Amino acid sequence: MSTLVDKIVQAIRRDIYNGNLAPGEPLKQVELANRYGVSPIPLREALQRLQVEGLVEYFAYRGAIVARTKKSEIVDIVGIRNVLEPLAFQMALPTLDDEQLARLAALTDELESPQASDAAYFMVKIFDYYAVLLAKAQRPLLLEMIQTNLKRAIRYYAEVMRRLDGKQLPLPSRHEYLEALRKRDMNRLVTLLETRHAGYVNFIETHFKD
């Protein structure tokens, strides 16, 4: 059951993803409390949680701001993704069964749907995807590490989706991941993952300012 803090986190996160709270914008607690209809105490806790996600920055004497996007950060995030996510597929393959593959196929359809351009929706589905993938591999720490890194990655995903405005990047489809999974083709999976991640990095390096 969601707590009040959870709901505040979701509301602020969505406003950051949607661009209603812009990178570098001051997060004044009195204004935010009025905006979301909450008291300062749960608001402060929500901002602290969003800081852990990389969505909020704190500065001495200035307070909190919406975290600024940085090319160097997305390069680091993708580097971590290229280690953790192939490892997840590798750990999952020995125990992956037909039921999991069917659930991954349904999630793949959702992740490839137009609705997935909404970053909050995408976050729920990609978290579910890796939870299903690793369900029988018994790697809870690996799943936690992937999800923690994805929280930072999705901020940039949201920025890319807004700039594309309904257009598509020429990236490998996650349906190709699914076919490689069915064939237990680990080399193909790694190539697809790295190619997809590189596509986002290239777009950000071309269109973003530090």
Side-chain angles (χ1 to χ4, degrees), residues 1-3 5-6 9-10 13-14 17 49-55 73-158 160-161 168-169 171-202 204:
M1 186 174 181
S2 295
T3 66
V5 174
D6 291 331
V9 167
Q10 290 166 10
R13 185 195 288 131
R14 182 175 288 277
Y17 285 167
R49 282 171 54 177
L50 290 164
Q51 182 184 20
V52 174
E53 292 185 19
L55 295 177
E73 182 177 43
I74 192 59
V75 170
D76 284 348
I77 289 168
V78 167
I80 295 168
R81 291 191 71 180
N82 284 341
V83 173
L84 294 181
E85 293 175 37
L87 180 60
F89 284 105
Q90 184 177 0
M91 294 295 100
L93 283 179
T95 57
L96 196 65
D97 61 22
D98 290 342
E99 181 183 355
Q100 285 171 284
L101 283 168
R103 292 174 66 193
L104 289 171
L107 284 164
T108 296
D109 288 340
E110 292 171 325
L111 286 165
E112 292 290 334
S113 72
Q115 195 174 354
S117 61
D118 178 274
Y121 174 91
F122 177 82
M123 183 170 76
V124 171
K125 298 304 177 182
I126 197 69
F127 277 25
D128 287 348
Y129 185 95
Y130 281 104
V132 170
L133 180 71
L134 289 168
K136 295 189 177 180
Q138 298 182 350
R139 294 293 190 279
L141 181 56
L142 176 58
L143 178 61
E144 181 183 342
M145 292 171 71
I146 288 170
Q147 291 179 338
T148 297
N149 193 51
L150 279 171
K151 285 179 180 178
R152 289 183 175 268
I154 291 166
R155 162 66 180 297
Y156 290 89
Y157 175 82
V160 170
M161 290 299 102
Q168 297 290 324
L169 288 176
L171 303 175
S173 165
R174 288 186 181 82
H175 289 105
E176 295 179 71
Y177 292 12
L178 191 63
E179 289 307 308
L181 269 174
R182 286 174 173 147
K183 294 176 180 177
R184 303 312 200 256
D185 189 342
M186 193 62 212
N187 290 334
R188 177 68 174 154
L189 278 166
V190 171
T191 299
L192 290 168
L193 283 163
E194 290 181 350
T195 301
R196 188 176 180 91
H197 297 164
Y200 282 110
V201 171
N202 290 339
I204 287 167

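Being a predicted model, the structure only gives us computed values, none of them experimental. Note: hydrogens, waters and symmetry copies are ignored here, and every other heavy atom, side chains too, is used.
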Please tabulate, one pair per line, all N/O donor-acceptor pairs under 3.5 Å involving side-chain atoms of residues 137-148, not counting sequence neighbours.
{"residue": "R139", "atom": "NH1", "partner": "A137", "partner atom": "O", "Å": "2.9"}
{"residue": "T148", "atom": "OG1", "partner": "E144", "partner atom": "O", "Å": "2.9"}

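- Aromatic ring orientation, Y130 versus F89: perpendicular (interplanar angle above 60°, classes split at 30° and 60°).
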Please assess M161 against F122 for the test side chain to side chain contact (heavy atoms under 4.5 Å, CB included), listing each intermediate value before the final yes or no.
-> CA-CA 11 Å; M161 290 299 102; F122 177 82; over 6 Å; no

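- Applying the side-chain hydrogen bond (donor to acceptor under 3.5 Å, both in side chains) criterion to R155, with sequence neighbours excluded, gives no partner residue.
- The minimum heavy-atom distance linking G54 with R152 is given by the pair CA-NH1, 3.4 Å.
- In this structure D97 satisfies the salt bridge (charged side-chain N to carboxylate O under 4.0 Å, His left out) test together with K136, sequence neighbours excluded.
- You'll find the side chain of R13 reaches within 4.5 Å of the side chain of L50, heavy atoms only.
- Looking only at distances, no side-chain donor or acceptor of E179 sits under 3.5 Å from a matching main-chain atom of E176.
- Summarising the geometry, atom CG belonging to L133 is positioned 6.0 Å from atom CG belonging to L104; distances are rounded to the nearest 0.5 Å.
- Every residue was checked against the salt bridge (charged side-chain N to carboxylate O under 4.0 Å, His left out) condition with E99, not counting sequence neighbours, and none meets it.
- Within the 4.5 Å cutoff, side-chain heavy atoms of L181 are placed close to those of L93.
- For Y129, there are no side-chain hydrogen bond (donor to acceptor under 3.5 Å, both in side chains) partners at least two apart in sequence or on another chain.
- Note that CD of Q90 is 10.5 Å distant from CG of L189, once rounded to the nearest 0.5 Å.
- The two residues A116 and Y157 have their closest heavy-atom pair at O-OH, 2.5 Å.
- Contacts of Y156 classified as side-chain hydrogen bond (donor to acceptor under 3.5 Å, both in side chains), with partners at least two apart in sequence or in another chain: E73.
- Within the 3.5 Å criterion, the main-chain N or O of K125 finds no donor-acceptor partner in the side chain of D128.
- When the side-chain contact (heavy atoms from CB on, under 4.5 Å) test is applied to R14, the partners found at least two apart in sequence or on another chain are N18, D118, A120.
- Legend: residues meeting side-chain hydrogen bond (donor to acceptor under 3.5 Å, both in side chains) with T95, ordered by chain and number and at least two apart, are absent.
- Under the rule for a side-chain contact (heavy atoms from CB on, under 4.5 Å), A106 has no partner lying at least two apart in sequence or in another chain.
- In terms of the salt bridge (charged side-chain N to carboxylate O under 4.0 Å, His left out) criterion, R184 has no residue partners (sequence neighbours excluded).
- Residue pairs meeting the side chain to side chain donor-acceptor pair (under 3.5 Å) criterion with at least one partner in residues 192-202, sequence neighbours excluded, are R81-H197, N82-H197.
- Atoms CG and CZ, from D98 and R182 in turn, are 9.5 Å apart once rounded to the nearest 0.5 Å.
- The shortest side-chain heavy-atom distance between R188 and K183 does not fall under the 4.5 Å cut-off.
- Between atom OG1 of residue T108 and atom CG of residue L111 there is a gap of 6.5 Å, rounded to the nearest 0.5 Å.
- For the side-chain contact (heavy atoms from CB on, under 4.5 Å) criterion with L96, the lone passing option out of L101, V132, L134 is L101.
- The minimum heavy-atom distance between L192 and P172, with the atom names listed, is CD2-CB, 3.6 Å.
- With sequence neighbours left out, R103 forms a salt bridge (charged side-chain N to carboxylate O under 4.0 Å, His left out) with no residue at all.
- I77 and A153 get closest at one heavy-atom pair: CG2-CB, 3.6 Å.
- The CD1 atom of I80 sits 10.5 Å away from atom CD of E85, with the distance rounded to the nearest 0.5 Å.
- Under the 4.5 Å side-chain criterion, counting only non-hydrogen atoms from C-beta, E110 is in contact with Y121.
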